[in-house]
Structures are given as structure tokens and as C-alpha cells.
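Keep in mind that the numbers below use all heavy atoms, side chains included, and drop hydrogens, waters and symmetry copies.
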Protein chains: 4
Amino acid sequence: MLNRVILIGRLTRDPELQYTPSGVAVTKFTLAVDRPFTSQGGEREADFIPVVTWRQLAETCANYLSKGRLTAVEGRINVRNYENNEGKRIYVTEVIADNVRFLESNRTNSNGGGDPFHDDGKSIDIPDSDLPF
Amino acid sequence: MLNRVILIGRLTRDPELQYTPSGVAVTKFTLAVDRPFTSQGGEREADFIPVVTWRQLAETCANYLSKGRLTAVEGRINVRNYENNEGKRIYVTEVIADNVRFLESNRTNSNGGGDPFHDDGKSIDIPDSDLPF
Amino acid sequence: MLNRVILIGRLTRDPELQYTPSGVAVTKFTLAVDRPFTSQGGEREADFIPVVTWRQLAETCANYLSKGRLTAVEGRINVRNYENNEGKRIYVTEVIADNVRFLESNRTNSNGGGDPFHDDGKSIDIPDSDLPF
Amino acid sequence: MLNRVILIGRLTRDPELQYTPSGVAVTKFTLAVDRPFTSQGGEREADFIPVVTWRQLAETCANYLSKGRLTAVEGRINVRNYENNEGKRIYVTEVIADNVRFLESNRTNSNGGGDPFHDDGKSIDIPDSDLPF
DNA sequence: TTTT
DNA sequence: TTTT
């Protein structure tokens with residue numbers, strides 16, 4: 001009924017821009033979010049939270065984000081499941097972002113945002129059935 | 001660095017109160033959170049989000065919540081992992097709640113909140129190493 | 001850069017549906033939000049927070065909300081100012097809602113949502129310059 | 001019943017550390033939060049939102065924040081009122097912060113956090129009756 | 001595995 | 001009264 005998430009953290013890798021078979025842009029990345037009270041004297045602790053963006057936002061994220069950038073994400077928790085090749089049901093939890101703020105400036109990727117309607121061979125991974133709209 | 005979640009949904013079952021070996025109360029339940037735009041004409045869709053509460057809040061939740069109750073939860077996303085019995089690393093995503101609001105009144109469970117320092121045989125499941133504090 | 005508010009409280013009065021001169025619907029109400037730690041043994045304390053909704057959401061709120069209903073609001077803090085008739089600058093803080101959840105069912109107001117393009121004499125109060133879009 | 005705010009913005013001035021008569025530290029500052037969709041071609045628009053922090057957090061903010069720093073604030077909306085010297089009731093809306101994140105590193109103010117129990121002459125402005133705890 |  |  002209400003499902004709202006706000007995260008601030010850093011990208012663990014460069015974001016990955018892909019396209020669904022029908023040409024919808026989707027960008028995925030993982031945010032490392034440091035925990036509030038890290039264990040005394042121990043190593044740094046963080047949660048690694050997968051984030052998914054769609055359409056125009058996906059292209060903007062692919063262009064302006066990169067590994068290590070401090071980033072704020074607003075969205076909702078999405079829980080999906082699928083059957084793996086051993087017939088076992090696997091549950092995946094991701095944050096579907098609808099607002100992303102770049103908190104550190106970044107060299108603009110001159111390689112644009114790609115063309116969502118051109119099959120560049122990266123559209124195989126995400127079925128259209130995953131679309132949240 | 002910042003990790004905040006706010007959910008409103010209904011419990012899919014009665015909450016489960018347990019104790020760690022050292023006697024710390026922990027209550028777990030799942031919230032069914034209806035998605036905003038359900039597919040046109042299709043069946044109802046929801047995310048099923050596991051919620052964990054600790055200590056005093058755990059006991060209060062065990063006493064006042066039950067299956068179907070509309071509930072608001074504030075907390076943070078926690079991602080933990082463990083190795084299953086086939087040696088595979090399993091990732092679990094939960095919301096660690098620090099604030100729970102009961103949006104529908106509920107008959108108080110007269111069976112109190114239990115005694116966190118008494119081993120009632122339900123303390124086997126959650127190792128103290130899971131404690132977030 | 002990021003501005004997000006989530007409130008759960010009760011309406012202090014029935015909501016007021018109005019129209020700007022150009023026919024845009026706007027509904028205003030105040031939420032009484034109980035404070036977390038009320039003074040020991042003292043009277044109930046609450047914050048009274050003004051909420052503004054626009055367009056379709058304004059009409060839905062006018063139809064389904066009424067005094068006393070438990071309601072969740074998502075939105076952003078808006079600070080505006082104007083000069084009063086004594087030439088003094090007055091600052092007004094409101095929450096502009098983009099998502100409202102009715103947490104208690106309510107008799108549907110059979111008197112519909114009104115016609116946003118018909119001047120029913122209630123459009124005098126809010127200048128179009130207040131529009132947040 | 002639930003009252004949660006998350007802001008990201010920049011301080012309009014250096015923060016002001018003060019002490020109540022009983023020696024409780026309080027730091028106030030204003031965040032300039034840029035609006036999402038600024039009017040087309042017009043000037044930049046922002047909300048100027050007053051933030052209040054108490055005790056240890058107040059001292060940390062006074063030490064590590066300064067004008068222009070990008071800052072994330074978590075807290076709740078607080079509405080208080082008082083009678084001005086013309087006998088008119090004035091309403092003040094502030095965000096009481098319980099979590100502040102410094103998103104840009106800052107030269108540490110070597111002038112420490114002050115001594116909350118020493119009257120340095122700055123404790124006149126905030127009555128203890130304003131304390132939110 | 002799921003709630004109204 | 002306002003920040004980059």
C-alpha cells in the first residue's frame with residue numbers, strides 16, 4: 001500500500017545499460033550503503049543493495065554514474081521470484097528507483113545513452129515480463 | 001550511508017517471537033504490500049517483504065500484531081548471506097524495523113510477551129551473530 | 001535536491017476542494033500527527049501539518065477523505081512566502097502530496113468530485129501563481 | 001503517528017551552536033533544497049527549510065558543517081507556535097533532525113564543540129521548554 | 001508459502 | 001535574509 005526507500009551509497013561497479021527485447025532501457029547497479037553502527041574496531045560493514053532503473057532514468061544513470069560515485073536513490077522494494085535450472089524457486093529483492101541524485105560530479109560519458117530501439121546484442125537478459133509498468 | 005524504508009501493508013501470518021541463545025527477543029513477520037499500479041484487469045499484485053524486529057519492539061509486535069492487520073513499518077534494508085547445506089551462498093534481504101505502527105486495533109494477546117531470559121525452547125533458530133547491535 | 005516526507009495522521013477537518021481561476025483542482029487539509037514521545041502523564045501532543053494536493057489527487061481526496069480519517073501522505077515540504085496587508089513577509093510551510101493512502105474506509109461522497117472547469121464560486125482563494133507545475 | 005522527512009541540500013550559512021539555560025546544545029541551520037522541476041527558462045528555485053539538531057548531534061554539526069556544504073538530513077516535521085510582541089500567534093515549522101550525513105568533506109573546525117555546561121553567553125535564545133525530549 |  |  002505504501003513502499004518507499006531512500007538510500008545514499010556508492011556504486012560498487014559501473015552501471016550496466018541493457019535493453020529488453022522490445023527496446024526498453026534498463027540500467028542496473030549495486031549501491032554499497034555503510035551501516036550506521038559498524039562493529040567496534042572491526043572492519044567496515046555495508047549493505048550491498050541492487051538498484052534497477054527503467055527508461056529515461058536508465059539512460060541518464062548509464063551516462064552519469066560510475067563505480068565509486070556517491071549517489072542518492074529513491075524508489076520502492078521489489079521482490080520477484082523465478083525457478084532456477086534445478087527447479088528451485090529463487091527470490092530476488094531489488095530497489096526499483098524512480099529518482100536518482102548524483103551527489104558527486106562525474107565526467108560525462110561521451111558515448112551517449114545508446115539507442116533504445118536498436119538491437120545492439122545486449123537485450124537478451126531481461127524479459128519484457130519483468131517490466132514494472 | 002543512509003538507508004531508510006517505510007512500508008504500509010498487511011501481515012501474511014501471525015508474527016513469530018523467538019529468542020537468541022543469549023536471550024534477545026526477535027520477532028519476524030512478512031508484510032504484503034500492494035503494488036501501486038496493478039496490471040490492468042489482472043489479479044492483485046503485492047510485494048511480500050520480510051520484516052525483523054529486535055528486543056522490546058519484538059515483544060510489542062508479538063503481542064499486538066496478527067495475521068491481516070494493517071501495519072506501518074520504518075526501518076532499513078539489511079542484506080545478509082550464509083552458506084546453505086550444498087555449499088552455495090544464499091542472499092537474504094530483510095527490513096530491520098526500528099518503528100512499527102499498528103494501524104488497526106487488535107485484541108491484546110493475553111499471553112504476554114514472554115520472558116526474554118527464560119529458555120522456552122524457541123531459541124534455536126537465530127544465532128547471536130545475526131544481532132544487528 | 002531531495003525532499004521527501006511521509007506522514008500518518010488524522011484529518012482535523014473535512015478537506016476543502018477549491019479551483020484556481022484557470023480551473024485546476026486543489027484540496028487542502030491538515031493532518032494531526034501524534035508525536036512519538038508525548039510528555040509523561042501530560043496531555044496528548046501532536047503536530048498539525050498542512051497538506052496540499054492538486055488535480056486528480058485533489059478530487060480523489062475531496063471525495064474519499066473526511067474529518068478524523070487515518071491517512072498516509074507522501075510528498076515534499078514546500079515553503080512559500082507572501083506579503084501580508086501590513087507589508088510583512090509571511091512564511092508558510094506545507095506538504096505538497098503526490099501520494100495519499102486512505103487507511104480507513106469511508107462512505108463515498110456521492111457528490112462526486114465537481115467539475116474543474118466550471119466556476120462554482122470557490123476559485124477565488126488560490127492564484128494560479130501558486131501552482132507547483 | 002508517523003512523521004518522517006529526508007532532505008538533501010546545501011547550508012545557506014554556517015550553522016549556529018547555542019545552549020539552553022540548562023546547558024543543552026542546539027544547532028540550527030537552513031537547508032536550500034533545489035526543487036525538482038524548476039520553471040522553464042526561469043531562475044533556479046529552492047525551498048529554504050530550517051533544521052534543528054540537539055545534544056551530541058548539535059555539537060557534531062557545529063563542528064563539521066559550514067555554508068554551502070551538501071548535506072543529508074533525516075528527521076521529523078515539528079510545528080510550534082508562540083505569541084509575538086503584538087500578541088499575534090506565530091507558527092514556525094522546522095525539521096528536528098535525528099540523523100545528519102555530511103556528503104562533502106570539510107575542514108574540521110578546530111574550535112571544538114564548546115562546553116555544553118559552561119555558560120558562554122549564547123544560551124539566552126532557546127527556552128528549555130522547547131526541548132523535544 | 002502469502003495479506004484485505 | 002538565503003545554497004551550488
Side-chain angles (χ1 to χ4, degrees), chain A residues 1-3 70 72 77 79-83 87-91 93 101-106, chain B residues 7-16 28-36 38 43-51 61 65-73 92 94-95 102-106, chain C residues 1-3 70 72 77 79-83 87-91 93 101-106, chain D residues 7-16 28-36 38 43-51 61 65-73 92 94-95 102-106:
Chain A
M1 210 160 178
L2 189 147
N3 180 339
L70 189 66
I77 297 179
V79 183
R80 60 185 172 84
N81 64 80
Y82 62 93
E83 212 161 289
K88 206 184 155 193
R89 193 142 294 274
I90 304 296
Y91 290 83
T93 303
R101 295 287 149 188
F102 314 135
L103 302 178
E104 289 176 343
S105 52
N106 196 19
Chain B
L7 305 173
I8 300 178
R10 293 180 186 279
L11 274 77
T12 60
R13 291 160 169 267
D14 286 345
E16 292 174 40
K28 301 189 172 193
F29 54 89
T30 295
L31 270 194
V33 181
D34 291 336
R35 290 194 181 153
T38 192
E43 67 255 65
R44 273 263 175 86
E45 284 178 27
D47 289 286
F48 297 94
I49 303 176
V51 176
C61 286
L65 288 177
S66 61
K67 179 176 173 174
R69 289 311 95 200
L70 189 67
T71 305
V73 163
V92 179
E94 297 157 327
V95 170
F102 313 136
L103 303 178
E104 289 177 342
S105 52
N106 195 20
Chain C
M1 211 159 178
L2 190 146
N3 180 338
L70 189 67
I77 296 179
V79 183
R80 59 185 172 82
N81 63 80
Y82 62 92
E83 212 161 291
K88 207 184 156 195
R89 192 141 296 274
I90 304 295
Y91 290 83
T93 303
R101 294 288 150 189
F102 313 136
L103 302 178
E104 288 176 343
S105 50
N106 195 19
Chain D
L7 305 173
I8 300 179
R10 294 181 187 277
L11 274 77
T12 61
R13 291 160 170 266
D14 286 345
E16 293 175 39
K28 303 190 171 192
F29 53 87
T30 294
L31 271 193
V33 181
D34 290 336
R35 291 194 180 155
T38 191
E43 65 256 64
R44 274 258 174 89
E45 286 180 24
D47 289 286
F48 296 95
I49 303 175
V51 177
C61 286
L65 288 176
S66 60
K67 179 178 174 173
R69 290 311 97 198
L70 189 67
T71 306
V73 163
V92 179
E94 297 157 324
V95 170
F102 313 136
L103 303 177
E104 288 176 343
S105 52
N106 194 19

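- The side chain of A:R89 has E:dT1 as its nearest neighbour among E:dT3, F:dT4, E:dT1.
- Straight-line distance from the CZ atom of B:F102 to the P atom of E:dT3: 21 Å, rounded to whole Å.
- As a whole-Å value, the separation of D:L65 CG from F:dT3 P is 16 Å.
- In terms of heavy-atom proximity, D:I49 sits nearest to C:V79 at CG1-CG2, 4.2 Å.
- In this entry the distance linking NZ of D:K28 with P of F:dT1 reads 19 Å, nearest Å.
- The main-chain N or O of C:M1 is found under 3.5 Å from a side-chain atom of A:R101 such that the two form a donor-acceptor pair.
- The side chain of D:R10 sits closest to F:dT4 out of E:dT1, F:dT4, E:dT3.
- Using a 4.0 Å heavy-atom criterion, one finds that B:G9 contacts no nucleic acid atom at all.
- Distance alone, capped at 3.5 Å, places no donor-acceptor pair between the B:E45 side chain and the B:R35 backbone.
- Remark: side-chain polar atoms of B:D14 are paired, donor with acceptor, to backbone N or O of B:K67 under 3.5 angstrom.
- In this structure, D:E45 places its CD atom 16 Å from C1' of F:dT4, rounding to the nearest Å.
- As rounded to whole Å, 22 Å separates atom P of F:dT1 from atom CZ of D:F29.
- The side chain of A:Y91 lies closest to E:dT1, out of E:dT3, F:dT3, E:dT1.
- Aromatic stacking is not marked for D:F48 over F:dT3, as the cut-offs of 5.5 Å for the centres and 30° for the planes do not both hold.
- Here B:E104 pairs with B:R69 in a salt bridge; the nearest charged N to carboxylate O distance falls below 4.0 Å.
- For D:R13 against F:dT1, a side-chain N or O and a base N or O form a donor-acceptor pair under 3.5 Å.
- Listed nucleotides E:dT1, F:dT2, E:dT3 differ in distance to B:K67; the shortest reach to its side chain belongs to E:dT3.
- As rounded to whole Å, 16 Å separates atom P of E:dT2 from atom CD1 of B:I49.
- Counting to the nearest Å, the P atom of F:dT4 and the CG atom of D:L7 are 18 Å from each other.
- Going from atom CZ of D:R35 over to atom C1' of F:dT3 covers 14 Å, rounded to whole Å.
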